Amino acid sequence: MSKIELLAPAGNLEKAKIAILYGADAVYIGGKQFSLRSRASNFSLKEIKELVDFANEHRAHVHVTVNMLPHEDDLAGLKEYLLALDAAGVHAIIVCSPAIMKMAKACCCHYEVHVSTQHSSTNSSSLAFWKEQGMDRVVLARECQMDEIRSICKKQILPVEVFIHGGMCISFSGRCVLSNHLTYRDANRGGCAQSCRWKYHLMDQDQELSDPNSLFSMSSKDLQAVDQIESFIKMGVASLKIEGRMKSAYYLATVVSSYRRLIDQIYEQGHVSSEMLNAIKKEIAKAENRPTGPGFYRGIPNQDVQLYADRDEIVTQEYVAFVLDYDADTHEATLQVKNHFSPHQNLEIFGPHIDPTSVYVGSIYDENGLELSVCKTPMQIVRTHWDGPIEKNAMIRKIRVV
C-alpha cells in the first residue's frame, strides 16, 4: 500500500511552492477558468506549467480545481482548457459537473479526474456509480463520520480523499444557496460571500430573539483532525486534504509541516503518542485565527462545534520574518520583514527541514549597514548574525504560548 498523500491548498504560485517545500505531497490550485474561489489569485496556464515543473522536481503532484457548476453560458472554451491543462502536465483535476468529467475523459487526457466534495458522496454506492463513470478518486463529503469512512474504504471501490483541516460549511458541502439568495453571488460558481459567517438579528416576527450586543451566527468551527490521522492511515484513505486556498503562506507552512511530521511519525513508529499529538496541536494553533473542532469525526456535531457567539477572525502577527539567504561562513542571515518585531530577543524558527526552535536574535541591520532599533517595514531586507538552525525558505516568528 502506498503512503498516504498530504494534499495542500494554494491561492498563488508562492504559496504552492511553500506548501511543497514544507512537506505537501500534492497541492490543489484553481485556474483562471471553471474554478471556485474566485477571490483567490488563481493561476494562469503559464503559472500552472511552472508549478508542475517545480512539483516534478520535488516529487510532488499538482491538482487543478475545475469544480464550478457551469450554466449554459459557462461552457464556452471548456474543451480547449482541459486540453491545455493536459499539455501543462497536471496530475489531476477536481470536478463537480458530470459534463466536465465526461469531456475530460472523452479528450483522453492523461490526468486523473477526481470527484469533488460538492457531490456530497457519503456511501459506497456513490463510489460504485463514479467508478462506472470512469472516475479515478472521490473526495468524500465533510459530513461523513469515521465509521462511514471506514466502511467505504473496506469496499476498495475507488481511492478516497478526506478533509482533515480548515473551513467547514454550515450546509451540506456544495448544496448551499444562502450566498446566492442573499447577495446573488453563487457559491457553486465561485462567488460565495460566506453568508453563514455574518452576524444576524434573529427575529420571531417583530420580536428579536438574539442579544443585540451579541448577534447570532450560524458558522461552524474550523476542522482540525490531528487525532484522526492514525485511523485514516490504517483505514487505507488515499489522501488527506487541507482546506484554505485563501490562507497565507505562513499558515500553510505551519499547518502542512505539522501534519507532515505527524504522518511521518506514524509511518516510522507505527503509532503516535499523546505527547506528540498535543505538540502538533499546539504548533498548528500558532497559525489559527478561528476556533477549531473535530467536525463530524466524533459524531454529529453538537453546539460545542458551532460558533453562535459574536466572534471575528483574529489576525495573527506572530510571523515576523522570512529567510531569504544564509552565509554559513559568516553566519549572516538575510531576512525579509513580515511583521513588527524588535532585535535582542528570543524568536522561533521553523523550516522545511527544521522543527520549531528558539534562537536568540541580537543586532539587526538594514541593507545600508545601519543598526535598527525595531523592524517595522514589511518587505524590508535586513541582516543579522544567526547562531542556531537555519535554512533558506525558513520562517521566523515571535514565541507565543498556546
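What you see is a predicted model; the values in this text were computed from it and never measured.
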### Test side-chain contact (heavy atoms from CB on, under 4.5 Å) applied to H114 and M135, step by step
CA-CA 6 Å; H114 297 175; M135 299 301 103; over 6 Å; no

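- T254 has its side chain within reach of E283: a pair of non-hydrogen atoms, C-beta onward, lies under 4.5 Å apart.
- A heavy-atom distance below 4.5 Å is not found between the side chains of K241 and T117.
- Both cation-pi conditions hold for R397 and F350: the charged atom is under 6.0 angstrom from the six-membered ring centre and inside a 45 degree cone around its axis.
- With K79 contributing its side chain and C107 its backbone, the two residues share no donor-acceptor pair below 3.5 Å.
- The main-chain N or O of T122 is never found under 3.5 Å from a side-chain atom of S126 such that the two would form a donor-acceptor pair.
- Note that CD1 of I4 is 10.0 Å distant from CD of E161, once rounded to the nearest 0.5 Å.
- Side-chain contact, E230 with H271: no donor N or O sits under 3.5 Å from an acceptor N or O.
- The shortest side-chain heavy-atom distance between R245 and K15 does not fall under the 4.5 Å cut-off.
- Checked for salt-bridge contact, R150 and D147 meet the test: a charged N lies under 4.0 Å from a carboxylate O.
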### V305 vs M168, side-chain contact (heavy atoms from CB on, under 4.5 Å): CA-CA, chis, key distance, verdict
CA-CA 10 Å; V305 187; M168 293 284 287; over 6 Å; no

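- For the residue pair G244 and L252, the shortest heavy atom distance occurs at O-CD2, 4.4 Å.
- Side-chain contact check for K131 and Q133: no donor-acceptor pair (N or O, by modelled atom type) lies under 3.5 Å.
- Considering NE2 of H344 and CD1 of I364, their distance stands at 7.5 Å, rounded to 0.5 Å.
- Note: T357 OG1 to I390 CD1 = 11.5 Å, rounded to the nearest 0.5 Å.
- One N or O on the side chain of S210 and one on the backbone of L202 form a donor-acceptor pair closer than 3.5 Å.
- Between L82 and A104, the closest heavy-atom pair is CD1-N, 3.8 Å.
- A donor-acceptor pair under 3.5 Å links the side-chain atoms of S273 to the main chain of M276, judged by distance alone.
- From I149, atom CD1 reaches atom CE of M235 across 6.0 Å, with rounding to the nearest 0.5 Å.
- For K398 (side chain) and H340 (main-chain N/O), a donor-acceptor pair under 3.5 Å exists by modelled atom type.
- V323 has its side chain out of reach of T334: every pair of non-hydrogen atoms, C-beta onward, lies at least 4.5 Å apart.
- In this structure, T65 contributes its side chain and N67 its backbone to no donor-acceptor pair below 3.5 Å.
- Across every non-hydrogen atom of L6 and G23, the tightest pair is CD2-O, 4.0 Å.
- Between the side chain of E391 and the main chain of H353, a donor-acceptor pair closer than 3.5 Å is present.
- Two residues are said to be in side-chain contact when any heavy atoms from C-beta on lie closer than 4.5 Å; V226 and L262 meet this criterion.
- Defined by atom type and a distance below 3.5 Å, a donor-acceptor pair is missing between the side-chain atoms of H165 and Q224.
- Between M203 and L209, every side-chain heavy-atom pair lies at or beyond the 4.5 Å cut-off.
- The six-membered or imidazole ring of H91 lies away from that of H63, with a centre-to-centre distance of 6.0 Å or more.
- Contact detail for V62 and A55: the closest heavy-atom pair is CG2-CB, 3.7 Å.
- Distance CD1/I152 to CD1/I157: 8.0 Å, rounded to 0.5 Å.
- Looking at E243, its side chain does come within 3.5 Å of a backbone N or O of G167 through a donor-acceptor pair.
- Heavy-atom neighbours of H331 NE2 from other residues, nucleotides or ligands within 6.0 Å: above the threshold of 12.
- Among K3, H61, R260, the one residue that satisfies the side chain to side chain donor-acceptor pair (under 3.5 Å) test with D25 is R260.
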### Message
Set out, in order, the CA-CA distance, both residues' side-chain angles and the distance that settles side-chain hydrogen bond (donor to acceptor under 3.5 Å, both in side chains) for S120 and R142, then state yes or no.
### Response
CA-CA 8 Å; S120 301; R142 291 176 174 89; over 6 Å; no

### Task
Take S116 and V95 through the test side-chain contact (heavy atoms from CB on, under 4.5 Å) and record every step on the way to the result.
CA-CA 5 Å; S116 170; V95 186; 6.0 Å; no

### Query
Going through the distances and angles, do L13 and F54 end up as a side-chain contact (heavy atoms from CB on, under 4.5 Å)?
CA-CA 10 Å; L13 193 56; F54 181 86; over 6 Å; no

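- A heavy-atom distance below 4.5 Å is found between the side chains of E288 and Y251.
- Salt-bridge formation is detected for the pair K105/D136: a Lys NZ or Arg NE/NH1/NH2 atom is positioned less than 4.0 Å from an Asp or Glu carboxylate oxygen.
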#### Entry: Verdict with reasoning, R261 to D355, per salt bridge (Lys or Arg N to Asp or Glu O under 4.0 Å)
CA-CA 9 Å; R261 284 192 289 132; D355 290 344; 3.8 Å; yes

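- Within the model, atoms CD of Q228 and OG of S231 stand 7.0 Å from one another, a figure rounded to the nearest 0.5 Å.
- Counting non-hydrogen atoms of other residues, nucleotides and ligands closer than 6.0 Å to NE2 of H181 gives a total of 12 or fewer.
- I349 approaches I354 most closely through the heavy-atom pair O-CG2, 4.2 Å.
- Aromatic pair Y250/Y22: centroids not less than 6.0 angstrom apart.
- Here D227 pairs with K281 in a salt bridge; the nearest charged N to carboxylate O distance falls below 4.0 Å.
- A donor and an acceptor atom, one from each side chain of S363 and E371, are located under 3.5 Å apart.
- In this structure a side-chain-to-backbone donor-acceptor pair under 3.5 Å is present from Y28 to I242.
- Side chain of D327 to main chain of D329: a donor-acceptor pair is present (N/O by atom type, distance under 3.5 Å, no hydrogens or angles).
- Note that K338 lies outside the cation-pi zone of Y319, set by a 6.0 Å cut-off to the ring centre and a 45° limit from the axis.
- Side-chain atoms of V64 and F43, non-hydrogen and from C-beta on, never get closer than 4.5 Å to each other.
- Exactly one residue among Y259, Y297, F163 makes a ring-ring contact (aromatic ring centres under 6.0 Å, His included) with F232. That residue is Y297.
- A60 and I20 make their closest contact through CB-CG2, 4.0 Å (heavy atoms, listed as atom of the first residue, atom of the second, distance).
- Between E5 and R137 there is a salt bridge, with a side-chain nitrogen of the basic residue lying less than 4.0 Å from a carboxylate oxygen of the acidic one.
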